[in-house]
Each structure stands twice: as C-alpha cells, then as structure tokens.
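Read the numbers this way: they start at 1 and go in the same order the structure lists the ligands and their atoms. Hydrogens, waters and symmetry mates play no part in the numbers below; they use all other heavy atoms, side chains included.
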Amino acid sequence: MNALESRPLRTLVFDDRGDADRSVAREIAELVRAKPTAVLGLATGNTPVGVYAELARMHRDEALDFSGVVTFNLDEYLDLSPGDPRAFRRWMQARFFDHVNVRCENARFPECDAARAPSDPIAGRPIERFADACERYERAIRSAGGIDVLILGIGRNGHIGFNEPGSTRGSRTRIVELEATTRADAAHVFGDLENVPRRAITMGIATILESRAIRAMAFGRIKAPIVSRTLAEPISPALPATFLREHADATLYLDRDAAAEIAR
Ligand code: PGA
C-alpha cells in the first residue's frame, strides 16, 4: 500500500439522515453567500434529494440567491427521446431548479443531445460521434472556473457518477455502458429492466476529482457494504469510489445504517 492508498476519507456519521442533508446544504449555502457565482456539481438519485429540498427551503425562507450560480450535472442517460420525463434534466427540474432561481442557461448537463436532429438519431449512434459533446462539457466546466463543490452519491457497485467499475483515474467526460446492477436499480423508474437505457454520458473520475471540494453521501443499510469497501479496499478502478480517498477535500456523509459495516 502506498501513501496515497492509506489516506483516509473524512467520514461523518449522523444519527439522522436529515441532519446530514442539512449539514451539506448549509455548507453549500455558505459557499453561495460568500461567492454568488459559485459553480456546483450536482448528482441525481435518491441520495441528494434531502439536500435539494433543504436548499429550496433556504431559497424560500432565507432568500438564498442562486441567480449567479452555475451548475453542472454529473451524468445523463443516453438514447432517451428528447424531453423524456425520466431524463436527469427533467428530474433536476422537478426536484431543484423549479424551486430555486438558478438561471436556465446556467444549469448545464452533458450535451449528449446537442447535435440531435431527426436525420441524426441518437439511438445506436456510435460512441465516437459523441466525442465533441464530451469535450465541450469538459471545456464548459473549465471556462466556468472549475467546480467549487460537487455533491455525489455512491452506487451499490461503487460507481460515482456513471463511472462504473473499470473506470480509470484519468477518465474524462465520455459515453459509458451501464452495468447490470446500475440498470436494475433504475428499473423502478422505467417500469422494467428492458426499458432502462444501456448507455449514459458521465463526467470522468479525473473530472470529478478536479472539483475543489467533494461532498459524497450514502444512506441506508443497502449502502453499508459498498461504504465499508470504499474505505477499506485499495484505491483502484475496480471500485471507483475509492478514488475519493485521493482528494484533499472530500467528505463522506453517512447515516448509522450506511456506516454499519465499517471496520473498526
Ligand atoms: P442513489 O444512487 O442515490 O439512487 O442511491 C446513487 C448512485 O447510483 O450514484
């Protein structure tokens, strides 16, 4: 084990998930108040919903102002039709953007549909045809000044964003094939497994680790095994969440259930 591999990930365990949500939201609010043009990296999924709800409450009750904030979402499904209600863009709209004052043009998503036209169907389009869109997303993040704080969930298989096991430390925004566990976890959204997209566009591991701060969260008993492995196993593409241990300002927020299998 080298020095990097032995670096622990700062881990906070909360009795109540709501306290973890509020703690992350408070930190984001402090950042936004100190830097009204803050750049946020955002995740979808069950994990961050409480943070978005709390930020929306702060916007409503405490005049937290997002009008100068720029956001970059981590990932998006591919091969959905434009405007599909299950797209992450729509999910973010309903859970967050409809309740705060982030400007529409400042809410950025991987531009997988940028060049979409009736004559250019996205379904089945070869991966090389997305290279421009991927590079554009990387450039957009850089020209916004980089991500100040990135909110992150951890998948049951250890993915971060849609960086499935096998994703390398140097990976960038790209098209990926989704693993069986990832698709199974999304089946309830799509009615059944067959309807879950097989491909997605995601920020890479290198993109994620360039964020100045990372606030990762995991809640519930179902996440206990992957949380304990993330903290204990060697840093490697086999378990992408282990790369968080290489970051100088990453914190993992857990509830008691998610922390239940951490080795003492
Ligand atoms: P979840 O997903 O928040 O729905 O548990 C986390 C992830 O897959 O990144």
Side-chain angles (χ1 to χ4, degrees), residues 9 11 14 17-18 20-21 24-25 28 40-55 71-78 85-92 94-96 109-110 147 149-167 171 173-174 176-191 193 196-205 207-209 211 214-231 237-244 247 250-261:
L9 176 61
T11 302
F14 292 77
R17 170 182 175 164
D21 295 334
V24 173
I28 292 169
L40 307 180
L42 302 180
T44 50
N46 294 321
T47 305
V49 290
V51 173
Y52 296 138
E54 177 63 6
L55 288 172
T71 67
F72 288 92
N73 261 81
L74 272 167
D75 45 21
E76 180 60 283
Y77 289 119
L78 221 57
R86 295 158 306 187
F88 287 156
R89 186 184 284 272
R90 295 284 294 273
W91 189 99
M92 286 301 303
R95 295 286 186 165
F96 186 53
F109 286 76
I147 293 170
V149 60
L150 174 73
I151 298 173
L152 204 56
I154 298 178
R156 272 196 304 144
N157 64 353
H159 73 203
I160 48 177
F162 274 140
N163 291 282
E164 303 284 37
S167 300
S171 58
T173 301
R174 68 199 188 289
V176 292
E177 304 276 337
L178 299 177
E179 268 206 349
T181 53
T182 299
R183 296 185 62 240
D185 285 347
H188 67 284
V189 176
F190 288 88
L193 184 60
V196 180
R198 294 174 186 279
R199 305 191 298 176
I201 183 167
T202 183
M203 287 185 197
I205 302 284
T207 327
I208 288 171
L209 293 182
S211 305
I214 298 175
R215 298 298 174 255
M217 296 174 281
F219 302 124
R221 198 68 185 76
I222 195 167
K223 295 292 172 71
I226 199 63
V227 163
S228 110
R229 291 181 54 207
T230 295
L231 297 174
L239 207 172
T242 57
F243 286 118
L244 297 174
H247 196 280
T251 305
L252 179 59
Y253 290 72
L254 305 175
D255 61 5
R256 292 246 165 251
D257 284 342
E261 294 183 22

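Protein heavy atom at the shortest distance from atom 3 (O) of ligand 1 is T47 OG1, 2.5 Å. Looking at atom 4 (O) of ligand 1, its nearest protein heavy atom turns out to be N46 N, 2.9 Å. In this structure, atom 6 (C) of ligand 1 lies nearest to the protein heavy atom I154 O, 3.7 Å.
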_Before you tell me yes or no, could you show the steps for L239 and I226 under side-chain contact (heavy atoms from CB on, under 4.5 Å), namely the whole-Å CA-CA distance, both residues' side-chain angles and the distance that decides it to 0.1 Å?_
CA-CA 9 Å; L239 207 172; I226 199 63; 4.1 Å; yes
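Relative ring orientation between F14 and Y253 is described as parallel, the plane-to-plane angle staying below 30° on a 0-90° scale split at 30° and 60°. Below 30°, between 30° and 60°, or above 60°: for Y52 and W91 the angle between ring planes is above 60°, a perpendicular geometry.
With no hydrogens or angles considered, a side-chain donor-acceptor pair links S167 and R174 at under 3.5 Å.
Within ligand 1, the atoms closer than 4.0 Å to a non-hydrogen atom of G153 are 9 (O), numbered from 1 in the order shown. Proximity to G45 (heavy-atom distance under 4.0 Å) selects the following atoms of ligand 1: 3 (O), 4 (O). Residue-ligand proximity, G155 to ligand 1, at heavy-atom distances under 4.0 Å covers atoms 7 (C), 8 (O), 9 (O). Each of the atoms 7 (C), 8 (O), 9 (O) of ligand 1 lies under 4.0 Å from some heavy atom of H159.
Of the options R156, K223, M217, the smallest heavy-atom separation from atom 2 (O) of ligand 1 is shown by K223.
Residue L9 comes nearest to T251 through the heavy atom pair CD1-N, 4.5 Å, listed as atom of the first residue, atom of the second, then distance.
For the atom pair L150 CG and I160 CD1, the distance stands at 8.5 Å (nearest 0.5 Å).
Taking the charged nitrogens against the carboxylate oxygens, R221 and E261 do have a contact shorter than 4.0 Å, which makes a salt bridge.
With a 4.0 Å cut-off on non-hydrogen atoms, L152 does not touch ligand 1 at all.
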